[in-house]
Structures are given as structure tokens and as C-alpha cells.
Amino acid sequence: MNTATDIYLQFALAFPEPLVQPHAWLLAKRLQEGHICISLDTDPQLATGSPAGAYPNTQQLTNRPQWIGSAGDIAPFILHRNRLYLHRYFQYESAILNHIHRLLKAEAATCKANKDALLQQASLIGSLEADHPLQNLPPELCTDWSLAAVITACLQQFTILTGGPGTGKTTTVAKILWLHYTLQPNCRIALAAPTGKAATRMADSLQSTTLPLPESVRIQLQQLQPVTLHRLLGSKNEDIYFRHNESNPLPFDLVIVDECSMIDVAMFAKLLSAISSSTRILLLGDKNQLASVEAGSLFGDLCSQTAAINTFSSDTQNFINQFIATPGRSIPKAPTASAHPLAEHIIELQYSHRFSSKSGIGRLSDAILHNRKIVLDEFLLNNQGDEVSIMSSDSDTAFNSFIDSYEAYIREPDIYQALQLFQQQRILCAVREGKGGLAECNQLAENRLKKNNCLQPDTPFYENRPIIITRNNKELGLVNGDVGIVRTIQGAKKLWLDAGNGQVRGISVQYIQHAETVFAMTIHKSQGSEYNRVFIRMPNHPDIPILTRELLYTAVTRAKQQAIIMSSELVLKATAAGSVQRASGITHRMDEL
């Protein structure tokens, strides 16, 4: 038996019990693929053999209690509701459910006081009502779910706010902050995100809000400094545990976390453990975006509870509606009350201020997300449009034309303006290597711009090289995802980055490590970013596991004005037909709440 190239088999053979080894092999493999457990009912691999032998039946597994235990047992593996976990991942999942239950339970004691406090601010809350036009909109797009989220985030301890690009998540957060600071001027608020770049984008978006905030609130908003989750929780060098935990919770009244779809199961468990019962937590994200790189898709799992999304009891519905003056924006009455434990706690914003349902990007992203084959065929038949263009994978003219557009930032002498021009467009790749991959696209861009006499990519830090930072560097103030341009100014060659408020900062290139050229970037890396135009390069064949509708949806919705897709019909349709499927027990354990 050859174990040299099969790390899953090496893991499995570490257990001396032969009956355990096949499932140990499969579980290790599934964890690497992003699952947090094996479903013994549905996992297709169980119908075949494994390198560690044939799979025993469930009864045989339960007869090995020293290896496979139940909830509450101490054993390497836990079998719960016909799902097999590594003990650690079962503990993570259980901790998430337990902490959510704890926060839901804590709401009952403060509900009346919170309602009374909100009634005292009826005038302010009424002024936060949405103002988008209602003509020719279906009822679900008329409803002011944003104001519903503002109110519920002040009523309860645990709230999820989801919505696609342009649906107003950041504006809703700004309203929530305004109301919190009005209710409690000394309110202690923390803003966080999984990555440094996401945290920076969160700060920029909030500080550029157009809401007519009082000066005192605007100052408080500007003083908020979003941080990474690791920094929020207090990471320790070479330690998987954090300074803030259940015994030492975070010292805040409200914690708001953005881009939650990027958070893996381990980090989710550690985050919720650090939230005390007196602290409110608001989780933000697009439930349809890509899941975390590591194991788990917790945000998507929680948001998949359709019985809980935008559902309210009659009492809560009436309470919210008294603040909404426009009848068409009121919360509709549900035909039956939802008994789901997360009812009233998951709000989905549905009206897009950026894309109408009839716009090219709006229609295409919806068609991808729901695999609407007829609509996809329409786009493939009429593949040239102002917002969306789809071309075959052997077409180079449009790709070269897109690369030529990068000349604008190179020819701009002002470095701040050059940074703004560069950030207007990006090539997005599904894969890193191979045809249409990240490495090839960056090389093609450099070659094309060199041919156009715009670049001389003959040294590692050539003039006007665009760079993305790939690892945090506290000493230099760099975070994973920062983008800058190499340029020599006054005799000093530096990497120049946008410092906010129209300012730039430069770092000598001799200090720059862990960086890549960024004419092109992976779709995964682009999450949370926005560009006027994107050029999406898909691989030439569909047999790549990461090609899913979530991946393509994420890529298309990075574009604000135009999305160009280079893909064969076969690959495009296969990608829209595929979906991220990560096994977990969250959706099946909701009754434990």
C-alpha cells in the first residue's frame, strides 16, 4: 500500500483500528475540500471503496466507542445524527449553536426596555426610511427591509444582515450606528472583518456615507477603526487560541463583522465564544458569495434557513411598521408564523440600488445564481452588450483591448490619480495556473504593455508595476490584499498606496516581500472589491471542482459597469450548473437551538 503521496491515507493509518481507517481517510479528504463532516446518508464516496479499505456500516462504527463517540464523549471521532466529525470540528459546530442559543435567550430580558427606548426615537427612525422609487416594483422589492434590520439590530443580541452587491448593507450599518450612538452616546462599538483589506474597505465605505449624520455621530463614525478578526480577538504568536474568549469576552456593546461568508467554522466558533450575553453582534455578508477557504460555510448555512429570512411575528411586524410612514414599504404579514429559532434574526436586503432586475449585470448574476438556462442562452446568443459581453475562449482581441486600458494609469503622472485609474478595472481568473490562469494572464498583460512601449518588466520592481500584498506586515502597516504601484519619485523607488482622504504613502521597494503582480487576480481574492469593469477568464475545460455558480456570481458582481467573460459555452453552463456543496450539521441541528 503506497502512502507516500496520499496524505489522507497517512492520517487514516495513524489509527490502529482497521474499521476506522476508511472513514478517517474520507473525513480527512473532505476537510481539505471544505466540509466539516461526512454525511453517512449522502456522501457519494461511500458507495465506492477507499485506499484504506471498504467502508464498514454504521453499526460497525458505533461498536468502536474508543474511537467513535457520541455528543459529549471524548473520542477522536464523533457520530451525531448520522454525520461523522473529527472531535474538534464537532466541538466547533456545537459551540456555534450553543452561543447563538445563549444570545437568543438573553434577548427576552431586554426586549421591553429596548422597545421603549426605540419608541423614544420614533422621529429619527422614521427619517431612516428608504427612499427608492416604488413604481413597477414587486412587493418584495418595495418592503423596507433595511429599516427592519436597523430596528431588529437594536432589539436583539444576534442579527444577520445579508444581501447582494448594491443592496445597501453599508448604508444600513451606518443607520444602525447612528441609532446606537443616539440611544447610547458612549456606546462601545467594534468593527471587524476576516481580512485587513476587507476591514479597510468597511471603514472607507462607512466614512463616505451620504446620510445626514449629526456632527457628533459623524465624528464617532470616523473614529471607528475596523480591524481583522485576529486583531479583534487578540491573536497570540504560534497559538490557535485568542486572548478574548468565553472567560474573557470582548469589552463592547456592539460588534459588527463584515464579509462573514469568508469566515471558517473554527473562527466563527471563537468569535461567538468571545461575545458576552450583554453584547450585540451583527453579521454581514452576501450569502451567495464564495464560502471560506478553510473548512465550513457557516454564514451560508445560517442564511439557508429560508423559513427564518425576513419573517416576523405579528407583534414585531406591527412594532416595526409603526415607524414606516409609506404603506408600500411596510413589512408584509406572513401567512403563518414561523417557528424557526432564527426567525426575526435574518434580514435579507433585496432591492439593488446598483443593478435593476432588467440590467445586464443584474440579469446575468441572477441567471448564474439560479442556473436559469433560458436566460443564459439569451446572453450566449446576444453576447455583446453595454454591460455584459461573452466571448469564446479563443478570442484575443477583446482581451488585448482590455489590457490596453491599463495604459491610462501608466501615463498618468499624478500617483494618486494613477492609483484611482488602476483600481477601475481588473482581470479576474478562476484558477492560478494553466490556460487562462492568474500566472498566464499577468504575463500576457506585461508582454502586451511592453509591446505598447508602456512597461519595461525587466526587474522585479519595474516602473509602474502594480502589486498586491499577499501577507500582513504590521511593521510596514501592510495588510493582505493591499494594492499599490511601483514608481520612482524624486529619485526614490517606492510602492505607493492609497492612504485615504486623497493621500498616498510610499514604502521603499527594498522592504517589500510577499507580493505579486496584479493586472490579474483570482476571483477568490477579489471578494469584497468593486471595479467599474472586469474581464473574467474561465478555464478551457469544465472538469475543475472550484468552477461553481458561486464563483462566477462573485466574479460578475465585482463589476459596477461592465463584465466581460471569456468562456466557452460548455464551461459557462457547467459552472452555472455547479454549486458549492459543503457538508455540515448546522442546518440539521437547528432544533437544538
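We're numbering straight along the sequence, starting at 1. In this text the structure is predicted, and so the values were computed from the model without any measurement.
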For the residue pair [X] and [Y], what are the closest heavy atoms and their distance?
X: Ser584; Y: Asp301; result: OG-OD2, 2.8 Å
X: Met267; Y: Leu229; result: CG-CD1, 3.8 Å
X: Ala130; Y: Asp144; result: N-OD2, 2.8 Å
X: Ala149; Y: Ile176; result: O-CD1, 4.1 Å
X: Pro413; Y: Arg487; result: O-NH1, 3.2 Å
X: Phe422; Y: Val518; result: CZ-O, 3.4 Å

Spell out, as yes or no, whether a donor-acceptor pair under 3.5 Å connects the side chain of [X] to the backbone of [Y].
X: Asp366; Y: Arg363; answer: no
X: Thr470; Y: His514; answer: yes
X: Ser365; Y: Thr557; answer: no
X: Thr167; Y: Gly164; answer: yes
X: Lys493; Y: Phe461; answer: yes
X: His35; Y: Arg30; answer: no
X: Ser401; Y: Ala398; answer: no
X: Arg549; Y: His370; answer: no
X: Thr195; Y: Ala198; answer: yes
X: Glu530; Y: Lys560; answer: no

Is the shortest side-chain heavy-atom distance between [X] and [Y] below 4.5 Å?
X: Phe399; Y: Cys441; result: yes
X: Arg201; Y: Ser529; result: yes
X: Leu224; Y: Leu206; result: no
X: Asn480; Y: Lys525; result: yes
X: Leu552; Y: Leu572; result: yes
X: Asp258; Y: Thr170; result: no
X: Ile403; Y: Ile427; result: yes
X: Gln289; Y: Gln527; result: yes

Quiz item: Is atom OH of Tyr416 surrounded by more than 12 heavy atoms (other residues, nucleotides or ligands) closer than 6.0 Å?
Solution: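 Counting other residues, nucleotides and ligands, OH of Tyr416 exceeds 12 neighbours.
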Quiz item: For Arg231, does the CZ atom have more than 12 heavy-atom neighbours from other residues, nucleotides or ligands under 6.0 Å away?
Solution: no
To the nearest 0.5 angstrom, please state how far the [atom1] atom of [X] sits from the [atom2] atom of [Y].
X: Glu348; Y: Trp145; atom1: CD; atom2: CH2; value: 9.5 Å
X: Gln510; Y: Gln513; atom1: CD; atom2: CD; value: 11.0 Å
X: Met202; Y: Ile256; atom1: CE; atom2: CD1; value: 5.5 Å
X: Arg426; Y: Tyr531; atom1: CZ; atom2: OH; value: 4.0 Å
X: Arg329; Y: Thr143; atom1: CZ; atom2: OG1; value: 10.0 Å
X: Lys435; Y: Glu440; atom1: NZ; atom2: CD; value: 4.5 Å

Practice problem: Mind running side chain to side chain contact (heavy atoms under 4.5 Å, CB included) on Thr172 and Leu284 for me, showing each step along the way? | Solution: CA-CA 10 Å; Thr172 301; Leu284 305 170; over 6 Å; no
Exercise. Show your reasoning for whether side chain to side chain contact (heavy atoms under 4.5 Å, CB included) applies to Ile565 and Phe379.
Key: CA-CA 11 Å; Ile565 304 174; Phe379 276 104; over 6 Å; no
Would you tell me whether [X] and [Y] have side-chain atoms, one donor and one acceptor, within less than 3.5 Å of each other?
X: Tyr553; Y: Asp286; result: yes
X: Thr522; Y: Arg432; result: no
X: Glu446; Y: Tyr462; result: yes
X: Gln305; Y: Thr587; result: no

Practice problem: Describe, in one word, how the ring planes of Phe519 and Tyr409 are oriented to each other, choosing from parallel (under 30°), tilted (30 to 60°) and perpendicular (over 60°). | Solution: tilted
Exercise. Evaluate side chain to side chain contact (heavy atoms under 4.5 Å, CB included) for Phe268 paired with Leu283, printing each intermediate quantity in order.
Key: CA-CA 11 Å; Phe268 240 118; Leu283 303 176; 3.7 Å; yes
Practice problem: Given side chain to side chain contact (heavy atoms under 4.5 Å, CB included), test Glu516 with Leu438 step by step and report yes or no. | Solution: CA-CA 10 Å; Glu516 296 177 347; Leu438 178 70; 4.0 Å; yes
